[in-house]
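The structure appears below as C-alpha coordinates.
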Amino acid sequence: MAFSFHTHSTFCDGKADARTMAEAAFAHHYTHLGFSAHAPVPFKTRWNLPWERAQSYVETVRALAQEFEPKGMKIFLGLETDYAPGITMPDNPAYDVFGLDYRIGSVHYITAPGEEPFTVDEPQEEFARNVLRWEPDGDYRRIWKRYWQYMSEMIARGGFDIIGHFDLVKKNNPDGRWFDEQDPAYLDAAFQAVELAAEKQLVAEINTGGIARGKHHEAYPSVRILKRMHERGLRLTLGDDAHAPSHIGTYQHAAIDAARRAGYQSLWYLDAPGIWKEISIDEAARPR
(Lines give C-alpha, C1' and ligand atoms only; values in the text may rest on other atoms or scores of the structure.)
Protein backbone atom coordinates (compact mmCIF):
# COMPACT_ATOMS: atom_id res chain seq x y z
CA MET A 1 0.00 0.00 0.00
CA ALA A 2 1.24 3.49 -0.86
CA PHE A 3 -0.33 6.84 -0.06
CA SER A 4 0.23 10.57 0.29
CA PHE A 5 -2.18 13.36 1.11
CA HIS A 6 0.04 16.29 0.18
CA THR A 7 0.02 16.88 -3.58
CA HIS A 8 0.22 20.10 -5.56
CA SER A 9 -0.41 20.77 -9.24
CA THR A 10 -0.57 23.68 -11.66
CA PHE A 11 -3.74 24.79 -9.88
CA CYS A 12 -1.32 26.36 -7.38
CA ASP A 13 2.49 26.16 -7.46
CA GLY A 14 2.96 22.66 -8.85
CA LYS A 15 4.93 21.97 -12.03
CA ALA A 16 2.49 19.50 -13.61
CA ASP A 17 -1.26 19.32 -14.06
CA ALA A 18 -3.45 17.25 -11.78
CA ARG A 19 -3.88 14.41 -14.27
CA THR A 20 -0.13 14.03 -14.69
CA MET A 21 0.31 13.93 -10.91
CA ALA A 22 -2.44 11.32 -10.56
CA GLU A 23 -0.92 9.19 -13.31
CA ALA A 24 2.47 9.34 -11.60
CA ALA A 25 0.94 8.19 -8.32
CA PHE A 26 -0.89 5.35 -10.07
CA ALA A 27 2.36 4.30 -11.77
CA HIS A 28 3.91 4.08 -8.29
CA HIS A 29 1.04 1.82 -7.19
CA TYR A 30 -0.53 4.36 -4.87
CA THR A 31 -3.83 3.26 -3.36
CA HIS A 32 -4.69 6.65 -1.82
CA LEU A 33 -3.79 10.11 -3.13
CA GLY A 34 -4.85 13.47 -1.77
CA PHE A 35 -4.70 16.71 -3.73
CA SER A 36 -3.98 19.68 -1.46
CA ALA A 37 -3.76 22.93 -3.41
CA HIS A 38 -2.60 25.91 -1.39
CA ALA A 39 -5.89 27.43 -0.27
CA PRO A 40 -6.90 30.84 -1.64
CA VAL A 41 -5.92 33.93 0.34
CA PRO A 42 -7.22 37.51 0.04
CA PHE A 43 -4.28 38.70 -2.10
CA LYS A 44 -2.40 37.41 -5.13
CA THR A 45 0.61 35.15 -4.59
CA ARG A 46 2.80 32.90 -6.72
CA TRP A 47 1.69 29.78 -4.91
CA ASN A 48 -1.98 29.90 -3.85
CA LEU A 49 -4.97 28.63 -5.79
CA PRO A 50 -6.81 31.68 -7.19
CA TRP A 51 -10.47 31.87 -6.25
CA GLU A 52 -11.42 32.08 -9.93
CA ARG A 53 -9.97 28.59 -10.48
CA ALA A 54 -11.61 27.00 -7.44
CA GLN A 55 -14.53 25.40 -9.31
CA SER A 56 -12.22 23.98 -11.96
CA TYR A 57 -10.00 22.52 -9.23
CA VAL A 58 -12.94 20.78 -7.58
CA GLU A 59 -14.32 19.45 -10.87
CA THR A 60 -10.93 18.19 -12.03
CA VAL A 61 -10.07 16.34 -8.82
CA ARG A 62 -13.55 14.81 -8.55
CA ALA A 63 -13.38 13.64 -12.16
CA LEU A 64 -9.97 12.04 -11.55
CA ALA A 65 -11.37 10.34 -8.46
CA GLN A 66 -14.17 8.79 -10.49
CA GLU A 67 -11.70 7.65 -13.13
CA PHE A 68 -9.06 6.12 -10.88
CA GLU A 69 -11.11 4.51 -8.10
CA PRO A 70 -12.23 1.58 -10.31
CA LYS A 71 -8.54 1.05 -11.10
CA GLY A 72 -7.69 0.77 -7.40
CA MET A 73 -6.60 4.28 -6.40
CA LYS A 74 -8.76 6.54 -4.25
CA ILE A 75 -8.32 10.26 -4.84
CA PHE A 76 -9.32 12.83 -2.23
CA LEU A 77 -10.09 16.52 -2.55
CA GLY A 78 -8.21 18.65 -0.06
CA LEU A 79 -6.64 22.02 0.56
CA GLU A 80 -3.46 23.01 2.34
CA THR A 81 -4.77 25.81 4.53
CA ASP A 82 -2.80 28.41 6.44
CA TYR A 83 -2.89 29.54 10.01
CA ALA A 84 -2.11 33.18 9.26
CA PRO A 85 -3.62 35.77 11.64
CA GLY A 86 -5.05 38.69 9.71
CA ILE A 87 -5.00 36.68 6.46
CA THR A 88 -6.84 33.35 6.81
CA MET A 89 -7.36 30.32 9.04
CA PRO A 90 -7.73 26.57 8.42
CA ASP A 91 -11.36 26.74 9.55
CA ASN A 92 -12.15 29.68 7.25
CA PRO A 93 -15.84 29.14 6.33
CA ALA A 94 -15.12 30.48 2.83
CA TYR A 95 -13.50 27.10 2.08
CA ASP A 96 -16.74 25.23 2.79
CA VAL A 97 -17.83 25.76 -0.83
CA PHE A 98 -15.17 23.26 -1.94
CA GLY A 99 -16.93 20.33 -0.26
CA LEU A 100 -13.55 19.09 0.92
CA ASP A 101 -12.62 15.59 2.02
CA TYR A 102 -9.87 16.92 4.29
CA ARG A 103 -7.72 19.94 5.13
CA ILE A 104 -4.03 20.22 5.93
CA GLY A 105 -3.25 22.87 8.52
CA SER A 106 0.11 24.56 7.96
CA VAL A 107 2.10 27.50 9.23
CA HIS A 108 3.95 29.41 6.51
CA TYR A 109 3.44 33.05 7.50
CA ILE A 110 5.08 34.28 10.69
CA THR A 111 3.95 37.88 10.47
CA ALA A 112 1.28 39.45 12.65
CA PRO A 113 -1.63 41.60 11.47
CA GLY A 114 -0.28 44.96 10.32
CA GLU A 115 3.13 43.54 9.37
CA GLU A 116 4.12 43.00 5.75
CA PRO A 117 3.50 39.27 5.14
CA PHE A 118 6.32 36.84 4.43
CA THR A 119 6.77 33.11 4.86
CA VAL A 120 9.38 30.84 6.40
CA ASP A 121 9.70 28.76 3.23
CA GLU A 122 10.16 31.45 0.59
CA PRO A 123 13.44 31.52 -1.42
CA GLN A 124 16.48 31.99 0.82
CA GLU A 125 17.55 35.39 -0.45
CA GLU A 126 14.00 36.72 -0.23
CA PHE A 127 13.64 35.27 3.26
CA ALA A 128 16.89 36.90 4.36
CA ARG A 129 15.80 40.32 3.12
CA ASN A 130 12.46 40.00 4.86
CA VAL A 131 13.95 38.80 8.14
CA LEU A 132 16.46 41.66 8.25
CA ARG A 133 13.65 44.13 7.65
CA TRP A 134 11.33 42.43 10.14
CA GLU A 135 13.92 41.97 12.91
CA PRO A 136 16.45 44.82 12.55
CA ASP A 137 17.75 44.32 16.11
CA GLY A 138 19.17 40.89 15.23
CA ASP A 139 17.27 38.69 17.70
CA TYR A 140 16.51 36.02 15.13
CA ARG A 141 15.05 33.70 17.77
CA ARG A 142 11.95 35.72 16.99
CA ILE A 143 11.58 33.57 13.83
CA TRP A 144 11.10 30.30 15.67
CA LYS A 145 9.26 31.89 18.59
CA ARG A 146 6.60 33.25 16.27
CA TYR A 147 6.49 30.02 14.24
CA TRP A 148 5.94 27.75 17.23
CA GLN A 149 3.49 30.22 18.75
CA TYR A 150 1.40 30.03 15.59
CA MET A 151 1.76 26.25 15.36
CA SER A 152 0.44 25.80 18.90
CA GLU A 153 -2.35 28.31 18.30
CA MET A 154 -3.36 26.51 15.11
CA ILE A 155 -3.45 23.14 16.84
CA ALA A 156 -5.53 24.55 19.69
CA ARG A 157 -7.97 26.17 17.27
CA GLY A 158 -8.41 23.12 15.01
CA GLY A 159 -10.45 23.06 11.83
CA PHE A 160 -8.15 20.74 9.87
CA ASP A 161 -7.27 17.04 9.60
CA ILE A 162 -3.49 16.83 9.10
CA ILE A 163 -0.69 18.94 10.55
CA GLY A 164 1.54 19.96 7.65
CA HIS A 165 5.39 19.92 7.70
CA PHE A 166 5.62 20.30 11.47
CA ASP A 167 9.00 22.06 11.67
CA LEU A 168 9.03 23.88 8.33
CA VAL A 169 10.71 26.77 10.16
CA LYS A 170 14.07 24.99 9.70
CA LYS A 171 13.92 25.12 5.88
CA ASN A 172 15.82 28.41 5.56
CA ASN A 173 18.08 27.75 8.55
CA PRO A 174 20.98 25.79 7.00
CA ASP A 175 23.84 25.23 9.44
CA GLY A 176 21.98 27.26 12.05
CA ARG A 177 22.25 30.50 10.09
CA TRP A 178 19.44 32.22 11.99
CA PHE A 179 18.94 30.17 15.16
CA ASP A 180 20.02 27.06 17.04
CA GLU A 181 17.60 24.15 16.51
CA GLN A 182 19.16 22.38 19.51
CA ASP A 183 18.45 25.31 21.82
CA PRO A 184 16.44 23.87 24.74
CA ALA A 185 14.00 26.77 24.41
CA TYR A 186 13.44 25.98 20.72
CA LEU A 187 12.83 22.31 21.48
CA ASP A 188 10.55 23.15 24.39
CA ALA A 189 8.38 25.27 22.09
CA ALA A 190 8.25 22.45 19.53
CA PHE A 191 7.43 19.88 22.21
CA GLN A 192 4.62 22.07 23.55
CA ALA A 193 3.04 21.92 20.10
CA VAL A 194 3.48 18.13 20.09
CA GLU A 195 1.72 17.89 23.48
CA LEU A 196 -1.23 19.90 22.19
CA ALA A 197 -1.49 17.80 19.06
CA ALA A 198 -1.43 14.58 21.08
CA GLU A 199 -4.11 15.88 23.45
CA LYS A 200 -6.34 16.65 20.47
CA GLN A 201 -5.58 13.24 18.89
CA LEU A 202 -4.52 14.78 15.60
CA VAL A 203 -2.59 13.29 12.70
CA ALA A 204 0.74 14.77 11.60
CA GLU A 205 2.53 14.10 8.35
CA ILE A 206 6.11 13.12 7.70
CA ASN A 207 6.81 15.48 4.85
CA THR A 208 9.58 14.86 2.31
CA GLY A 209 9.06 18.01 0.25
CA GLY A 210 12.29 19.62 1.43
CA ILE A 211 14.30 16.57 0.42
CA ALA A 212 12.57 16.30 -2.96
CA ARG A 213 13.36 19.90 -3.86
CA GLY A 214 16.89 19.83 -2.46
CA LYS A 215 16.08 22.35 0.26
CA HIS A 216 16.85 20.18 3.28
CA HIS A 217 18.62 16.92 4.05
CA GLU A 218 15.90 15.49 6.28
CA ALA A 219 12.14 15.20 6.41
CA TYR A 220 9.82 17.45 8.38
CA PRO A 221 9.78 16.96 11.33
CA SER A 222 13.23 16.03 12.62
CA VAL A 223 13.76 12.64 14.25
CA ARG A 224 14.09 14.33 17.64
CA ILE A 225 10.60 15.78 17.29
CA LEU A 226 9.30 12.52 15.84
CA LYS A 227 10.56 10.68 18.92
CA ARG A 228 8.54 13.01 21.15
CA MET A 229 5.52 12.49 18.89
CA HIS A 230 5.92 8.74 19.30
CA GLU A 231 6.24 9.02 23.07
CA ARG A 232 2.98 10.98 23.17
CA GLY A 233 1.12 8.64 20.83
CA LEU A 234 0.66 11.09 17.96
CA ARG A 235 -0.44 9.39 14.74
CA LEU A 236 1.60 9.85 11.55
CA THR A 237 0.78 9.77 7.86
CA LEU A 238 2.92 10.32 4.77
CA GLY A 239 3.09 13.53 2.75
CA ASP A 240 5.19 13.76 -0.40
CA ASP A 241 4.48 17.49 -0.65
CA ALA A 242 4.85 16.73 -4.34
CA HIS A 243 5.15 19.64 -6.74
CA ALA A 244 6.28 17.49 -9.68
CA PRO A 245 5.73 13.88 -10.76
CA SER A 246 9.30 13.01 -9.77
CA HIS A 247 8.49 13.86 -6.14
CA ILE A 248 5.79 11.20 -5.88
CA GLY A 249 6.92 8.12 -4.00
CA THR A 250 10.60 8.80 -4.58
CA TYR A 251 11.48 9.82 -1.05
CA GLN A 252 8.99 7.89 1.06
CA HIS A 253 11.77 5.55 2.13
CA ALA A 254 13.35 8.51 3.95
CA ALA A 255 10.07 9.26 5.76
CA ILE A 256 9.58 5.62 6.74
CA ASP A 257 13.17 5.33 7.92
CA ALA A 258 12.76 8.45 10.07
CA ALA A 259 9.55 7.06 11.58
CA ARG A 260 11.28 3.77 12.39
CA ARG A 261 14.21 5.55 14.05
CA ALA A 262 11.71 7.44 16.18
CA GLY A 263 10.14 4.16 17.33
CA TYR A 264 7.02 4.04 15.15
CA GLN A 265 5.71 0.65 14.07
CA SER A 266 2.66 1.86 12.15
CA LEU A 267 1.36 4.71 10.03
CA TRP A 268 -2.14 5.97 9.25
CA TYR A 269 -3.94 6.71 6.01
CA LEU A 270 -7.22 8.42 5.15
CA ASP A 271 -9.58 5.83 3.70
CA ALA A 272 -12.68 8.05 3.51
CA PRO A 273 -13.45 11.56 4.76
CA GLY A 274 -12.92 11.49 8.52
CA ILE A 275 -11.98 7.78 8.50
CA TRP A 276 -8.36 6.95 9.37
CA LYS A 277 -6.96 3.43 9.17
CA GLU A 278 -3.72 2.01 10.53
CA ILE A 279 -1.08 0.10 8.55
CA SER A 280 2.13 -1.53 9.78
CA ILE A 281 5.26 0.34 8.84
CA ASP A 282 6.58 -2.85 7.25
CA GLU A 283 3.62 -2.97 4.89
CA ALA A 284 4.06 0.70 4.01
CA ALA A 285 7.73 0.06 3.26
CA ARG A 286 7.18 -3.05 1.16
CA PRO A 287 8.57 -2.67 -2.39
CA ARG A 288 5.87 -2.04 -4.97
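Just so we're clear, the structure is a prediction, and the values are computed from it rather than from any experiment.
Not a single donor-acceptor pair under 3.5 Å links the side chain of His28 to the backbone N or O of Ala25. The main-chain N or O of Asp121 is found under 3.5 Å from a side-chain atom of Lys171 such that the two form a donor-acceptor pair. A donor-acceptor pair is defined here as one N or O able to donate and one able to accept, closer than 3.5 Å; such a pair exists between the side chain of His230 and the backbone of Gly263. Under a 3.5 Å cut-off, the side chain of Tyr186 and the backbone N or O of Asp180 do not form any donor-acceptor pair.
Between Tyr83 and Tyr150, the ring center distance clears the sub-6.0 Å criterion. The aromatic ring centres of Phe3 and Tyr30 sit 6.0 Å or more apart. Ring to ring, Phe118 and Trp134 are close: their centroids are under 6.0 angstrom apart.
Looking at heavy atoms from C-beta onward, Pro221 lies in side-chain contact with Leu226 at the 4.5 angstrom threshold. At a threshold of 4.5 Å between non-hydrogen side-chain atoms, the residues Asn173 and Glu181 count as touching. Asp167 is not listed as a side-chain neighbour of Trp144, based on a closest heavy-atom distance of 4.5 Å or more. Within the 4.5 Å cutoff, no side-chain heavy atoms of Met73 are placed close to those of Thr31. Counting heavy atoms from C-beta outward, Trp148 and Val169 have side chains that approach closer than 4.5 Å. Under the 4.5 Å side-chain criterion, counting only non-hydrogen atoms from C-beta, Ile110 is in contact with Ile143. In this structure, Trp276 and Leu270 have side chains that are in contact, with non-hydrogen atoms separated by less than 4.5 Å. Side-chain contact between Glu199 and Arg232: absent, with no pair of heavy atoms (C-beta onward) separated by less than 4.5 Å.
In this structure, Phe76 is a member of the same hydrophobic cluster as Leu202, with clusters built from ILVMFWY side-chain heavy atoms closer than 4.5 Å. Ile206 and Val223 fall into different hydrophobic clusters, where Ile, Leu, Val, Met, Phe, Trp and Tyr are joined by side-chain heavy atoms under 4.5 Å apart, directly or via other members. When hydrophobic clusters are built by joining Ile, Leu, Val, Met, Phe, Trp and Tyr residues whose side-chain heavy atoms come closer than 4.5 Å, directly or via intermediates, Tyr269 is not grouped with Tyr251.
Minimum interatomic distance between Thr111 and Pro117 (heavy atoms only, all atoms of both residues): OG1-CA, 3.3 Å. Between Gly99 and Leu77, the shortest heavy-atom contact is O-CD2, 4.0 Å.
Annotation: salt bridge (charged side-chain N to carboxylate O under 4.0 Å, His left out) contacts of Lys145 (sequence neighbours excluded): none. Residues meeting the side-chain contact (heavy atoms from CB on, under 4.5 Å) test with Glu125, sequence neighbours left out: Arg129. Partners of Arg177 under the side-chain hydrogen bond (donor to acceptor under 3.5 Å, both in side chains) rule, at least two apart in sequence or in another chain, do not exist in this structure. Listed by chain and number, the residues in a salt bridge (charged side-chain N to carboxylate O under 4.0 Å, His left out) with Glu126 are Arg46 (sequence neighbours excluded). Here Lys71 pairs with Phe26, Glu67, Phe68 under the side-chain contact (heavy atoms from CB on, under 4.5 Å) rule; sequence neighbours left out. Applying the ring pair (Phe, Tyr, Trp, His ring centres under 6.0 Å) test to Tyr102 and every residue at least two apart in sequence or in another chain returns nothing. A search for side-chain hydrogen bond (donor to acceptor under 3.5 Å, both in side chains) contacts involving Thr20 returns Asp17, not counting sequence neighbours. By the salt bridge (charged side-chain N to carboxylate O under 4.0 Å, His left out) test, Glu69 is found to be paired with no residue, residues two or more places apart in sequence or in another chain being considered. In this view, Glu59 and Gln55 satisfy the side-chain hydrogen bond (donor to acceptor under 3.5 Å, both in side chains) rule, not counting sequence neighbours. When the side-chain hydrogen bond (donor to acceptor under 3.5 Å, both in side chains) test is applied to Tyr95, the partners found at least two apart in sequence or on another chain are Thr88.
Environment of NZ in Lys74: crowded, with over 12 heavy atoms of neighbouring residues, nucleotides or ligands closer than 6.0 Å.
Side-chain contact, Asp241 with His6: a donor N or O sits under 3.5 Å from an acceptor N or O. In this model, a donor atom of one side chain and an acceptor atom of the other lie less than 3.5 Å apart for Glu278 and Ser266. A side-chain donor from one of Arg224 and Gln182 sits under 3.5 Å from a side-chain acceptor of the other. For the residue pair Ser280/Asp282, the side-chain donor-acceptor check at 3.5 Å is not satisfied.
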Decide yes or no on side chain to side chain donor-acceptor pair (under 3.5 Å) for Glu205 and Asn207, but give the supporting numbers first. CA-CA 6 Å; Glu205 66 170 5; Asn207 180 303; 2.7 Å; yes
Under the side-chain contact (heavy atoms from CB on, under 4.5 Å) rule, what do Ile211 and His217 come out as? Steps first, then yes or no, please. CA-CA 6 Å; Ile211 302 173; His217 65 278; over 6 Å; no
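Taking the six-membered ring where tryptophan is involved, the planes of Tyr57 and Phe98 are perpendicular, since the angle between them exceeds 60° and thus also 30°.
For the pair Arg141 and Phe179, the cation does not sit on the ring face, since its NZ or CZ is not both under 6.0 Å from the ring centre and inside 45° of the axis.
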Can you give each donor-acceptor pair under 3.5 Å made by side-chain atoms of residues 156-166, sequence neighbours left out, with the distance rounded to 0.1 Å?
unit_1: Arg157; atom_1: NE; unit_2: Asp91; atom_2: OD1; d: 3.1
unit_1: Arg157; atom_1: NE; unit_2: Asp91; atom_2: OD2; d: 3.1
unit_1: Arg157; atom_1: NH2; unit_2: Asp91; atom_2: OD1; d: 3.1
unit_1: Asp161; atom_1: OD2; unit_2: Arg103; atom_2: N; d: 2.8
unit_1: His165; atom_1: NE2; unit_2: Glu80; atom_2: OE2; d: 3.0
unit_1: His165; atom_1: NE2; unit_2: His108; atom_2: NE2; d: 3.3

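Summarising the hydrophobic clusters (Ile, Leu, Val, Met, Phe, Trp, Tyr; side-chain heavy atoms under 4.5 Å, direct or chained), the residues clustered with Tyr109 are Val41, Phe43, Trp47, Ile87.
Put simply, the residue from Thr7, Asp13, Thr10 that forms a side chain to side chain contact (heavy atoms under 4.5 Å, CB included) with His243 is Asp13.
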